[in-house]
Q: 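Sending over a structure as structure tokens; questions will come in a sec.
Numbered from 1 within each chain, the chains take letters A, B, ... in sequence-line order.
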Protein chains: 2
Amino acid sequence: MADQDGPAPAAKPRRPAEYRPGGRTAPASQRGMRQQNLSLVLRTVADQGPLSRARVAAHTGLTRAAVSSLVEELRGADLLVESGPEPGGRVGRPGSALAVSDRGAAGLGLEVGVEHLGACVVDLRGEARVWSRTAAANRGRAAAQVLADLAAVADEVVRQASGQGLRPVAAVLAVPGLVGSAPGTVEHAPNLGWRHEAVVPLWPGTLPVEVENEANLGALAELWSRSVGPDFVHVSAEAGIGAALVIDGRLFRGARGFAGELGHVPVRPDGPPCACGARGCLETYAGEAAVLRRAGLEGVAMDPVGALGERARAGDARVVAALERAATAMGTALAGAVNLVDPAAVVLGGAYAELGEWLMPGIRRELERRVTVRPWQADALRVSAHGRRGPLLGAGLTTVRRILDNPGRFTLP
Amino acid sequence: MADQDGPAPAAKPRRPAEYRPGGRTAPASQRGMRQQNLSLVLRTVADQGPLSRARVAAHTGLTRAAVSSLVEELRGADLLVESGPEPGGRVGRPGSALAVSDRGAAGLGLEVGVEHLGACVVDLRGEARVWSRTAAANRGRAAAQVLADLAAVADEVVRQASGQGLRPVAAVLAVPGLVGSAPGTVEHAPNLGWRHEAVVPLWPGTLPVEVENEANLGALAELWSRSVGPDFVHVSAEAGIGAALVIDGRLFRGARGFAGELGHVPVRPDGPPCACGARGCLETYAGEAAVLRRAGLEGVAMDPVGALGERARAGDARVVAALERAATAMGTALAGAVNLVDPAAVVLGGAYAELGEWLMPGIRRELERRVTVRPWQADALRVSAHGRRGPLLGAGLTTVRRILDNPGRFTLP
DNA sequence: GCTATTCGTAAACGCGAAAAACAAATTAGT
DNA sequence: ACTAATTTGTTTTTCGCGTTTACGAATAGC
């Protein structure tokens, strides 16, 4: 028949042969089918901009009739809106443009930093509509206290959002520390002084809340805001040096959730002793403490990374040399990571993103030197598009992606 | 109702929160639902041993009626067989045990090594029913010649299999080299002297054939024969030192298919120069050539790894020292990999598996020293269950898993 | 105006799993 | 030995959902 004039359904460059042994355990049901197609339609509209029903049908492979039915359900839940007839330069009846709603369900992002609290509300289109960041001295304070303060900030943000017709349905909290496999608990956040804190029960708000490591969320923000493709390594130095691995559009957590400990990859087997007990870990060269000591800025307490940037900009040779040394070590460790994982890009995020000007050349040099048996372009090393805002944005976006991935939860009930 | 007395549907220990942004592109259809459930039933029987229809229903969550219908279709395709009434110690009508067929569709595994050719036929139960390994000097021979020889071996194996009622439906060829993203081409197999060889068109047999790196297949053999869990790193030294990463039951190939180049992970940034142009790569310490040189066995052409094992067993101090040095370097590089990827186990496979007795202590020591910020048990380092037989077994199993994952291809047509 | 084309919807259809009902085969209890 | 209870496997009915087919609506080109 070929009644569609558009380009063929895009036949994504599928991976050669996908070995999937285990597979799902849940049976495929008609209900599951419907939910999957609801999500497919919603995500298609979210990804490909405003689209008519017919174009959605062409993109997804569903029939126009099926799309009509699915769209009706999504409109009823205020997830999709009809923005009127498309401007038609073409022959035939013009379609009616569909777009993801900028009202209704939304995501609440929360962040606890060492020196600040943050909250934001992200709408279904992925835009941060309300944003708040307030200074706070959280180091060493009890978790319950910190969360109470954060709840006040969150309340204000939610109030402003509801003025714009936005209704957050869930919250995600970014923390600078290791989140355990037990859901909602922070195993170890050295910079806050938290250990084995069951955060979720302490949260005074009413919205369901989830906890996640801030470096992971920063990486997800990069992914979901399309500033980078679906395969990359996101390096972030906050509490230690962490690397979030995003592979085929999925955050990679490892067998026990400890993946990405780039900070303890050996750089020189007999290098300086590390707090972890080993020698020559990357952190002993490029960790915040090591760089500050080398740069002669040990005393700085407030925003030490910002101070490094200032001094480097001012041309302080000692600081520049310290950053160069850190970059060389990071490049060596990253070369190992790239050889192992073969990402399409390496993104420098978190606080170190601001030091990219001084770190990138050294990292790039080591990567070019040590990644030779595969195609590797120099521009595959980039600086984060969001910098320090990444984790909070990622926290808000997490809930948004959940809605897009499973809209069925919001349509019928 | 709770009419099932068995344990609840097992609610697998699902990962905490799976972030899946992109997701499938294909729409969910009723046909797809059927195929998915056909696979679910077949895999359930394959994994959980002989099972009655009612038990399959309990395991999968499908109704007994649905299972009956699905089983009927699978029996018609000779994928499932009914092995008679179950011995009943329990009250009620005894069920009729279902098992995966040991006849009919099967997988043909093929292998081209530097010094041998191999072929095997694996039945749907995962058992190698026919096995053939013949010596052959393939180094430097033209690919077409080698494949012609291999086809003769394969013909004989297929003939024997058909005597047992087995009918291979597809072949997978294991090669010691890098398989490109273009399907069916070997980009570089240094030990064979192949470069940019489009192998598939050269194959004289009639069965559809696919090409895959032998280290990857060795890892998949471990996975599918359940000798290790679904998350591990499989180290294998054949052509260079490769690490196959298996994560959540899936082989991890990287953005461009080059993942797992453990051999060029830097061990000492300023170590000996490597053929790749960098310095201090793992291969300069633990590659076959480096170890042989250090051990004073440079001249050995036939099965040099076997020779290393012999001398080590005989107590040759120089050989033992060379292996110890290699082990230390491997342990250092693997520590970095474990810190990054957080696998549940590290498996030493391929030819080096036979040297495990001398390599494991050094590797284990470095791992224990350098993997400290997460739980890591010494027994997470193991030797392959299959050794050199792994790749060929994995090749045969690949087709078997394909059938189990998509039986719909074999039922209707 | 008229025709061709495209869009959105509606009705009939087909497929597949769920639900309900039923026959078959066994154990437990008397 | 006989009945009740229980479990299994099949049959029948029902329901949900995407597809097919058909039709009205809206536009461009003539």
Side-chain angles (χ1 to χ4, degrees), chain A residues 1-6 26-41 50-75 80 82-98 408 411-412, chain B residues 1-6 9 26-41 45 50-75 80 82-98 408 411-412:
Chain A
M1 264 305 190
D3 65 342
Q4 312 296 357
D5 68 339
S29 64
Q30 300 198 115
R31 191 174 169 83
M33 179 168 96
R34 178 76 173 181
Q35 306 231 347
Q36 205 171 315
N37 283 336
L38 281 170
S39 169
L40 180 61
V41 168
L51 242 50
S52 69
R53 289 169 176 78
R55 287 190 170 278
V56 171
H59 271 86
T60 57
L62 291 160
T63 61
R64 297 205 307 274
V67 172
S68 265
S69 158
L70 292 161
V71 164
E72 212 48 36
E73 189 167 340
L74 292 169
R75 286 212 314 144
L80 277 187
E82 196 148 14
S83 47
E86 274 182 332
R90 294 176 308 281
V91 64
R93 170 179 168 179
S96 186
L98 300 166
T411 57
L412 287 193
Chain B
M1 257 316 190
D3 64 342
Q4 311 297 355
D5 68 339
S29 64
Q30 301 197 108
R31 190 175 171 83
M33 179 169 92
R34 179 74 174 182
Q35 305 231 347
Q36 206 171 316
N37 283 336
L38 280 169
S39 169
L40 180 61
V41 167
V45 173
L51 242 50
S52 69
R53 290 169 177 77
R55 288 188 169 276
V56 171
H59 271 87
T60 58
L62 291 159
T63 60
R64 296 204 307 275
V67 171
S68 266
S69 159
L70 292 161
V71 164
E72 211 49 35
E73 189 168 339
L74 292 169
R75 286 210 317 143
L80 278 186
E82 195 147 14
S83 47
E86 274 182 330
R90 294 176 307 280
V91 64
R93 170 178 167 178
S96 185
L98 299 167
T411 57
L412 286 192

Q: Would you kindly give the CD-to-C1' distance between Gln36(B) and dA17(C), to the nearest whole Å?
A: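 Rounding to the nearest Å, CD of Gln36(B) and C1' of dA17(C) are 13 Å apart.
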Q: Looking only at side-chain N and O atoms, does Arg55(B) come under 4.0 Å of OP1 or OP2 in dT8(D)?
A: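 False: Arg55(B) side-chain N/O out of range (4.0 Å or more) of dT8(D) OP1/OP2.
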Q: Take the protein atom CZ of Arg31(A) and the nucleotide atom P of dC15(C), then report the distance between them rounded to whole Å.
A: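 Taking atom P of dC15(C) as the reference, CZ of Arg31(A) is at 25 Å.
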Q: When you look at Gln30(B) and Met33(A), which way does the side-chain contact (heavy atoms from CB on, under 4.5 Å) test go after all the steps?
A: CA-CA 8 Å; Gln30(B) 301 197 108; Met33(A) 179 168 96; 3.7 Å; yes
Q: So, is Asn37(A) near the phosphate of dG18(D), with a side-chain N or O under 4.0 Å from OP1 or OP2?
A: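 Asn37(A) to dG18(D) OP1/OP2: side-chain N or O found under 4.0 Å.
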Q: Can you tell me how far P of dG9(D) sits from CG of Leu51(B), to the nearest Å?
A: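 So the two atoms are 10 Å apart, to the nearest Å.
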Q: Once side-chain hydrogen bond (donor to acceptor under 3.5 Å, both in side chains) is applied, do any residues pair with Ser39(A), and if so which ones, sequence neighbours excluded?
A: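 Scan of Ser39(A) (side-chain hydrogen bond (donor to acceptor under 3.5 Å, both in side chains), adjacent residues dropped) gives Arg43(A).
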Q: Grab the two heavy atoms, one from Glu82(B) and one from Ser96(B), that are nearest each other, plus how far apart they are.
A: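 The pair with the smallest heavy-atom distance is OE2-OG, 2.6 Å.
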Q: Could you tell me whether the phosphate oxygens of dG9(D), OP1 or OP2, come under 4.0 Å of any side-chain nitrogen or oxygen in Ser68(B)?
A: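 So the side chain of Ser68(B) is outside the cut-off, no N or O lying under 4.0 Å from OP1 or OP2 of dG9(D).
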Q: For Glu86(A) and dT5(C), what is the distance between atoms CD and P respectively, to the nearest whole Å?
A: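 Taking CD of Glu86(A) and P of dT5(C), I get 20 Å after rounding.
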Q: Roughly how far, to the nearest 0.5 Å, is CZ of Arg34(B) from OG of Ser29(B)?
A: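 If we round to the nearest 0.5 Å, Ser29(B):OG and Arg34(B):CZ are 13.0 Å apart.
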Q: Please report the distance, rounded to the nearest Å, between CE in Met33(A) and P in dC15(D).
A: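 Between P of dC15(D) and CE of Met33(A): 17 Å.
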Q: State which residues pass side-chain hydrogen bond (donor to acceptor under 3.5 Å, both in side chains) with Arg93(A); sequence neighbours excluded, sorted by chain then number.
A: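 For Arg93(A), no residue satisfies side-chain hydrogen bond (donor to acceptor under 3.5 Å, both in side chains) once neighbours in sequence are set aside.
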Q: Can you give one letter per nucleotide of nucleotides 19-28 of chain D, 5' to 3': B if a protein heavy atom sits under 4.0 Å from the base, S if only from the sugar-phosphate, - if neither?
A: BB---BBBBS
Q: Separation of Arg75(B) atom CZ from dT10(D) atom C1', in whole Å?
A: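 Interatomic distance, CZ of Arg75(B) to C1' of dT10(D): 13 Å.
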Q: Report yes if a donor N or O on one partner sits less than 3.5 Å from an acceptor N or O on the other, where the partners are the side chain of Gln30(B) and the base of dC15(C); otherwise report no.
A: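 Yes, the side chain and the base share a sub-3.5 Å donor-acceptor pair.
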Q: Categorize Ser96(A) for me: base, sugar-phosphate, or nothing, with a 4.0 angstrom heavy-atom threshold over every strand shown.
A: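 Sugar-phosphate contact only - Ser96(A) comes under 4.0 Å of backbone atoms but never of a base.
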Q: If we only count heavy atoms from C-beta on, is the Leu38(A) to Leu70(A) side-chain gap below 4.5 Å?
A: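 Yes, their side chains come closer than 4.5 Å.
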Q: Expressed in angstrom and rounded to an integer, what is the separation of Arg53(B) atom CZ from dA23(C) atom P?
A: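 Roughly 20 Å, once rounded to whole Å.
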Q: Are the side chains of Val71(B) and Arg75(B) in touch, meaning some heavy atoms are under 4.5 Å apart?
A: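 When only atoms from C-beta onward are counted, Arg75(B) and Val71(B) do touch, with a gap below 4.5 Å.
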Q: Starting from C1' on dG16(D), measure out to CG on Leu38(A) and report it in whole angstrom.
A: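 Answer to the nearest Å: 13 Å.
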